[in-house]
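Below: one structure, written as structure tokens.
Order of the sequence lines fixes the chain letters, A, B, ..., with proteins taken first and strands second; residue numbering starts at 1 for each chain. On a predicted model such as this, the values are computed, not experimentally measured, just so you know.
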There are 2 protein chains.
Amino acid sequence: MSVTYREVKADILRQITRGELSPGSAMPNEVDLAASYGCSRATVNRAMRELAEDGIIERRRKAGTRVRRNPIRHVRMNIPIVGQEIEDLGAAYRYALVQCKAEPAPNWLRARMALKHDDRVLHLTCMHYADGAPYQHEDRWINLSALPEAEQTDFTNVGPNEWLVSTVPFTDAQISFHAVAANAAISDYLECTEGDALFQTERMTWLEGRTITFVQLTYRRGHRVTMQY
Amino acid sequence: MSVTYREVKADILRQITRGELSPGSAMPNEVDLAASYGCSRATVNRAMRELAEDGIIERRRKAGTRVRRNPIRHVRMNIPIVGQEIEDLGAAYRYALVQCKAEPAPNWLRARMALKHDDRVLHLTCMHYADGAPYQHEDRWINLSALPEAEQTDFTNVGPNEWLVSTVPFTDAQISFHAVAANAAISDYLECTEGDALFQTERMTWLEGRTITFVQLTYRRGHRVTMQY
DNA sequence: TTACACCTTATGTCTATATCTTTCAGGATC
DNA sequence: GATCCTGAAAGATATAGACATAAGGTGTAA
């Protein structure tokens, strides 16, 4: 095969990192690049499209392509299932259901999940252990109007996350990360001191516009989330 | 134009979310799909390639394409420059340099940055304010062996991040998120109580294998990082 | 039975060409 | 001078056809 889109992409990227193409400068158009690389326009297009997706360059019809002044930095972060996460650490995973109760949605939750006034939710509290030590505390609410079968499900052995993934895969979600001080209950579950700084994740999940579940995941002391780019 | 790759992608995704294509099941090959959609193979290929990138399906030469049992969930997270981040909130941004000192690298830093024994670093402490209120505390070390020009740079008006982005764009990095308790110094800078749970980001940056900089960014109380997928 | 070579198949990529879409720029009109 | 129209430029995408590559499957030989 002749010149691949990977070679073109790598070559352009090399020129940029070496400073031969400086930030803000305009690049030749696709036709000219194809001619200079001795390949077809489609090949150049794919290379350039990927560079644009990577936030390295900026493309606009008619205006042409230029090297970004402030490259968009983004990371791709995997959202693991907690059991998987723990086993990947080489630790033994254990799950325990603490509480499971169907109830009317409290006001703060109704607002956050955009529930109707009489919607009911299933409130679950669970613990996840790594090698016997507390790893993650899970506080979850499932919208029973959207997923009535949750009420008949037994969560003593199967975690709600696992059940949800197999029941309603391919959902949309919003995730947020922040720090919280451990309250009395959490510090008890996670075997830490009240007031300890803990890493917490919140996740809201939708399926075709309907709110399915809201979950707060609080991690043991010292937990880190790490990413590359 | 006839059938677009977006339409094909959307249609396949719809079939999957509706359960018409169940997790684990095999899909028709590209030639057959192209025939059934009445488009060319390249069009189907692009739709399927993107679905695979999105972690929805799994493709293997010869073995064919199947719907993932456990879809890979990932988010694409933008790493903003703090000034940008604050202005996007609609607040006024202010930067202040607290301290800037060239010094031999302490042991813990030498280990983390993989520095040589006699490498020197530039240690910077800065504050970032939103509408006059403390927003982020920055503790940064720059490897002077890799970037000697940093020692002659005046950081009183230009933040080190901004300077680095314009001096060495397009680097590799590792980022981690976690929670920390505010120590005496930090609580003073961020105007919070000692022991408060704060969100902290650490970032290590490389250029062509050389460690450039390590930074700890500590945010004001209640800071959240939010993402969609 | 195991190991290896070989064939087949599905995806991966390139070429060449064409059309579509967005958007900038210049000119006509009010 | 402001507004609207129109043409052209450049990227976005579709097509048909070809070859490349990886890997499952099968048959043969050890």
[atom1] of [X] versus [atom2] of [N]: gap in Å, rounded?
| X | N | atom1 | atom2 | answer |
| --- | --- | --- | --- | --- |
| E50(B) | dG12(C) | CD | C1' | 15 Å |
| R49(A) | dT13(D) | CZ | P | 7 Å |
| Y5(B) | dC20(C) | OH | P | 18 Å |
| R46(B) | dT11(C) | CZ | C1' | 17 Å |
| D32(A) | dA9(D) | CG | C1' | 12 Å |
| I57(A) | dG11(D) | CD1 | P | 9 Å |
| K62(A) | dT6(D) | NZ | C1' | 12 Å |
| E30(B) | dG17(D) | CD | P | 16 Å |

Locate the shortest heavy-atom distance separating M113(B) from T211(B); write the atom from each residue and the value.
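Smallest heavy-atom distance, with atoms named: O-OG1, 2.7 Å.
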
To check you understand the geometry: which heavy-atom pair defines the closest contact between V75(A) and Y229(A), and what is its length?
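Scanning both residues completely, I find the closest heavy atoms to be CG1-CD2, 3.1 Å.
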
Quick check: [Y] with [X] (ring centres under 6.0 Å apart)?
| X | Y | result |
| --- | --- | --- |
| H223(B) | Y135(B) | yes |
| Y93(B) | Y129(B) | no |
| F199(B) | F177(B) | yes |

Do any of residues 37-44 of chain B sit with a heavy atom less than 4.0 Å from DNA chain D, and if so which?
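Output list: C39(B), S40(B), R41(B), A42(B), T43(B).
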
Give me the residues of residues 6-15 of chain B where at least one heavy atom lies under 4.0 Å from an atom of DNA chain D, by number, or none.
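Hits under 4.0 Å, by residue number: R6(B).
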
Are OP1 or OP2 of dA12(D) and a side-chain N or O of R59(A) less than 4.0 angstrom apart?
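Checking R59(A) against dA12(D): at least one side-chain N or O falls below 4.0 Å of OP1 or OP2.
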
So, is T65(A) near the phosphate of dG11(D), with a side-chain N or O under 4.0 Å from OP1 or OP2?
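T65(A) to dG11(D) OP1/OP2: side-chain N or O found under 4.0 Å.
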
Taking Watson-Crick (N1-N3 plus N6-O4 or O6-N4) and G-U wobble (N1-O2, O6-N3), each under 3.5 Å, can you produce the dot-bracket string of DNA chain C? Use [ ] for crossing pairs and | for inter-strand ones.
||||||||||||||||||||||||||||||

Can a donor-acceptor pair under 3.5 Å be found between the side-chain atoms of R60(A) and the base atoms of dT23(C)?
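Looking at the base of dT23(C), it does not pair with any donor or acceptor on the side chain of R60(A) (distance under 3.5 Å).
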
Under 6.0 Å from the CZ atom of R110(A), do we count more than 12 heavy atoms belonging to anything else shown?
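Enclosed: over 12 neighbouring heavy atoms sit under 6.0 Å from CZ of R110(A).
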
With a 3.5 Å cut-off and no angle check, do the side chains of [X] and [Y] form a donor-acceptor pair?
| X | Y | value |
| --- | --- | --- |
| H74(B) | D54(B) | no |
| R73(A) | T171(B) | yes |
| S25(B) | R66(B) | no |
| Y95(A) | N157(A) | no |
| D119(B) | S145(B) | yes |

May I ask you to say whether R94(B) pairs ionically with D131(B), meaning some side-chain N is under 4.0 Å from a carboxylate O?
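Result for this pair is no, no salt bridge flagged.
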
Nearest to the R61(A) side chain among dA23(D), dA10(D), dG12(C), which nucleotide is it?
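From the listed options, dA10(D) comes nearest.
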
So if I take every side-chain heavy atom of N29(A) and compare against dG11(D), dT11(C), dA8(D), which nucleotide ends up nearest?
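So the nucleotide nearest the side chain must be dG11(D).
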
Closest-nucleotide ordering on DNA chain D, the 5'-leading residue of N45(A) and G64(A)
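Result: G64(A).
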
